[in-house]
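Only one structure is covered here, and it is reproduced in the block below.
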Amino acid sequence: MTKLRVAILSILLLAICLGQQRQPAARLVRSPSRGTHGAVAAGSEYATEAGMRMLFSGGNAVDAGVAALLAASVAEFSHLGLGGEAPILIRTRDGKVYAIAGVGTMPKLATADYFRQHKVTDDEMLEPPEPKGLKAWLPVVGILPALVPGTPEAALVALRDFGTKSFAEAVEPAIELADGFPIDEMRSNAIARSTEYLERWPASRRIFLPGGAVPRPGEILRQADLARTLRSMVAVEKQALASGASRGQAMDAVRDFFYRGDIAHRIDDFSKKNGGLLRYEDMAAFRIEPEAPVATTFHGYTVYKPGFWSQGPAMIQTLDILEGYDLRAMGLNSPQYIHTLVEALKLAYADRDTYYGDPKFVHIPEERLLSKEYAAERRKLIGDQASLDFRPGNAEPNPPQHPFFSNIDRRPIDDALKAKDTTCVDAIDKDGVAFSSTPSGGWMPTYIAGDTGIPLSQRAQSFLLVPGHPNELAGGKRPRVTLSPTLVTNPDGTLITLSTPGGDNQDQALIQVLFDSIFFGMNAEAAVEAPRFQTDHLVSSFDNHAMRPGSLLLDERMQPNLAAEMQNRKHLVEIRSRYNSGAAPVMIRFHPSGLIEAGADPFYYRNSQAW
């Protein structure tokens, strides 16, 4: 009898231990999207539906990505417009990876001295200056921060070189949306927050405040001018095809129509009449061709990012620094894990803020910054306590000065003007063709270029006015942007795409989502829903380029004692809601088995679909 009791007790104890070891994970808000033919993940259901239409009709992932991008530029007007930017990464069926630098250039009439001397008007800024920020910076709204539109060129080049559909087919969902679609709460709220600015600009007021009122959720918003512009582009393609042009030549005709034809002339005329710097000559000179991405190897994976005109290489630098640690052994979101990642990110971002800029205009010590040897040197700087200093490395003799050491004079910025808005578009198909993009620019408050219906970008604010800095403003130059799509491959056939809004936080969020997947076995949805941290220990790429040394923002869902432990390490800790994480990523993972799995952050209304 005693032996029986002992046996029963042993079985019960074993069951309890197993139960403790196999506690169910927190229930996901949404299930992963799974299929074997293809998947699309983006910032709205309108965008993912547009992409899926391409897949259902025989198109590949690039067709799906371009269609989703164009649809998003219409329906997600709170976050981007056709006149904005769209950096893209593409993997072809044969495994080659390309970057498309969908970022426009600064008008050639612009100079750093012009903006250093420019007095900000009420239409560009509302608040007076106060201490502790960069003294010289650019307007954040209106026509002066407009670049040459980058999105149309990027979309057309991607579709021409790597897609299978015509422009007419890819843009059809976007035209339907421009004809009218029911807006949601997010878009209605974005208009309401921007009303005082939209009322000043006739074209914007006519579109977004029909009848002088903010459209309510569920009301049909019509963008007739934009629909007409898109149809005129389709007509050019059809005319070229009817004249015997090839598919690629017909798309080049559309490019010429936009940048060297009627649309360019109309944008030029609008800019001249409204005090802008953008001219026909800027539009006509803008051309993009696919280029090589930057990349690194990390624990058997190859990670691809856009070049030094973006912040993408900062993720490469961070990965190289972190390669020297056993991150899995530290435990997900343990104090040591978070401390190590944050300190590595600080070092990479210090280099970003010191060295990065448009490679067509400045020399960047790319080979040194991306070398494993340099990363090993930087790794030695990570100690047990948080660094409160900005510590760029010595990547070249006589390096540029970090902006922290520049003259500072912060100005508070109206919440409606702060640059928080971007979206994301990713697609993978059954053949391993992949598309990852981080479209942005032309967000609310939207400045429409007259009767074209095209929102102009505000991206010039990402330039610095620090004399001699690699990212100092110049005519014809691209600002160093935060937009940073990601593509990851593995010899076993694994393929991953990731992208997110979030500005300076993009690569911080994406590296955590990637690790959740490859180190901690999370499916695509679990990875994007998992709690994340963020640091603002960097030079903001927007507004007045604020800096918050030592900052660490933790998700409210992280373990209760974590904040105290991080504070003991001298991090300046804040707790934030899962609904205010500073990013909203999507992820698609192609498994060696043929499974294609997509996840989308539900806390900021991301969407994914698979087939």
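Here the structure is a predicted model, which means the values were calculated and not measured.
Counting only heavy atoms from C-beta outward, the side chains of Ser541 and Val481 never approach each other to under 4.5 Å. Contact of the Lys305 side chain with the Asp507 side chain is registered, since non-hydrogen atoms from C-beta on lie closer than 4.5 Å. Side-chain contact between Thr486 and Leu514: absent, with no pair of heavy atoms (C-beta onward) separated by less than 4.5 Å. No side-chain heavy atom of Tyr304 sits less than 4.5 Å from a side-chain heavy atom of Ile90. At a threshold of 4.5 Å between non-hydrogen side-chain atoms, the residues Thr500 and Val586 do not count as touching. Residues Leu487 and Ile496 have side chains not in contact (no heavy-atom distance under 4.5 Å, counting atoms from C-beta outward). Taking 4.5 Å as the limit, every side-chain heavy atom of Thr296 sits out of range of all side-chain heavy atoms of Gln317. Taking 4.5 Å as the limit, some side-chain heavy atom of Arg589 sits within range of a side-chain heavy atom of Thr494.
Judged as a salt bridge (charged side-chain N to carboxylate O under 4.0 Å, His left out), and not counting sequence neighbours, the contacts of Arg480 are Asp353.
In this structure, Ser78 contributes its side chain and Arg187 its backbone to no donor-acceptor pair below 3.5 Å. Looking only at distances, no side-chain donor or acceptor of Asp429 sits under 3.5 Å from a matching main-chain atom of Asn60. Proximity of a side-chain donor or acceptor of Arg260 to a complementary backbone N or O of Ala284 within less than 3.5 Å is detected. In terms of modelled atom types and a separation under 3.5 Å, the side chain of Ser271 and the main chain of Asp268 share no donor-acceptor contact. Under a 3.5 Å cut-off, the side chain of Thr497 and the backbone N or O of Asp426 do not form any donor-acceptor pair. A side-chain donor-acceptor contact under 3.5 Å links Ser310 to the backbone of Gly307. With hydrogens and angles disregarded, a donor-acceptor distance shorter than 3.5 Å links the side chain of Asp63 to the backbone of Thr164. A donor-acceptor contact shorter than 3.5 Å links the side chain of Glu237 to the backbone of Ala168. Without hydrogens or angle criteria, Asp225 side chain to Gly453 main chain gives no donor-acceptor distance under 3.5 Å. Using modelled atom types, one side-chain atom of Tyr259 and one backbone atom of Pro149 make a donor-acceptor pair closer than 3.5 Å.
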Verdict with supporting geometry, Met106 and Leu473, side-chain contact (heavy atoms from CB on, under 4.5 Å): CA-CA 8 Å; Met106 193 68 192; Leu473 182 148; 3.9 Å; yes
Step-by-step side chain to side chain donor-acceptor pair (under 3.5 Å) determination, Arg91 to Ser436: CA-CA 9 Å; Arg91 180 187 186 271; Ser436 183; over 6 Å; no
Please evaluate residues Glu76 and Ser44 with respect to the criterion side chain to side chain donor-acceptor pair (under 3.5 Å), reporting the C-alpha separation (whole Å), side-chain torsions for both, the decisive distance (0.1 Å), and the verdict. CA-CA 7 Å; Glu76 297 178 44; Ser44 68; 2.9 Å; yes
Please report the C-alpha distance between Tyr355 and Leu369 in whole Å, then the side-chain angles of each, then the deciding distance to 0.1 Å, and finally whether the side-chain contact (heavy atoms from CB on, under 4.5 Å) criterion is met. CA-CA 9 Å; Tyr355 293 106; Leu369 289 170; 4.0 Å; yes
I'd like to know whether Arg228 forms a salt bridge (charged side-chain N to carboxylate O under 4.0 Å, His left out) with Asp451, so could you lay out the CA-CA distance, the side-chain angles of the two residues, the decisive distance to 0.1 Å, and finally the verdict. CA-CA 9 Å; Arg228 186 165 49 252; Asp451 63 0; 5.8 Å; no
Apply side chain to side chain donor-acceptor pair (under 3.5 Å) to residues Glu169 and Ser166 and explain how you reach the verdict. CA-CA 5 Å; Glu169 291 171 305; Ser166 66; 3.2 Å; yes
List the steps, then state whether salt bridge (charged side-chain N to carboxylate O under 4.0 Å, His left out) holds for Asp320 with Lys372. CA-CA 6 Å; Asp320 286 342; Lys372 300 287 187 178; 2.9 Å; yes
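Note that OG of Ser457 is 6.5 Å distant from CH2 of Trp443, once rounded to the nearest 0.5 Å. With rounding to the nearest 0.5 Å, the separation of CH2 in Trp201 from OH in Tyr447 is 7.5 Å. A distance of 8.0 Å separates CG in Leu483 from OG in Ser462, rounded to the nearest 0.5 Å. For the atom pair OG1 of Thr36 and NE2 of His591, the computed distance is 13.0 Å after rounding to the nearest 0.5 Å. Here CD of Glu85 is found 9.5 Å from OG1 of Thr482. Values are rounded to the nearest 0.5 Å. Between the CD atom in Gln311 and the CG atom in Asn505 there is a gap of 9.0 Å [rounded to 0.5 Å].
Between Lys108 and Glu281, no side-chain nitrogen of the basic residue sits less than 4.0 Å from a carboxylate oxygen of the acidic one, so the salt-bridge criterion is not met. Using a 4.0 Å cut-off between charged nitrogen and carboxylate oxygen, Arg93 and Asp431 count as a salt-bridge pair.
Scanning all heavy atoms of the two residues, the minimum distance from Ala434 to Leu495 falls at CB-CD2, 3.9 Å.
Judged as a ring-ring contact (aromatic ring centres under 6.0 Å, His included), the pairs with a partner in residues 80-102 (not counting sequence neighbours) are, in order, Tyr98-Phe162. Pairs passing the side-chain hydrogen bond (donor to acceptor under 3.5 Å, both in side chains) check and including a residue from residues 149-161, sequence neighbours excluded, read Glu153-Arg255, Arg160-Asp252, Arg160-Glu289.
The side chain to side chain donor-acceptor pair (under 3.5 Å) test with Asp269 singles out one residue from His265, Lys273, Arg266, and that residue is Lys273.
Between Phe181 and Phe77, the ring planes are tilted. Angles from 30° to 60° get that label.
For His79 and Tyr604, the ring centers are positioned less than 6.0 Å apart.
There is no side-chain donor-acceptor pair under 3.5 Å between Ser33 and Gln609.
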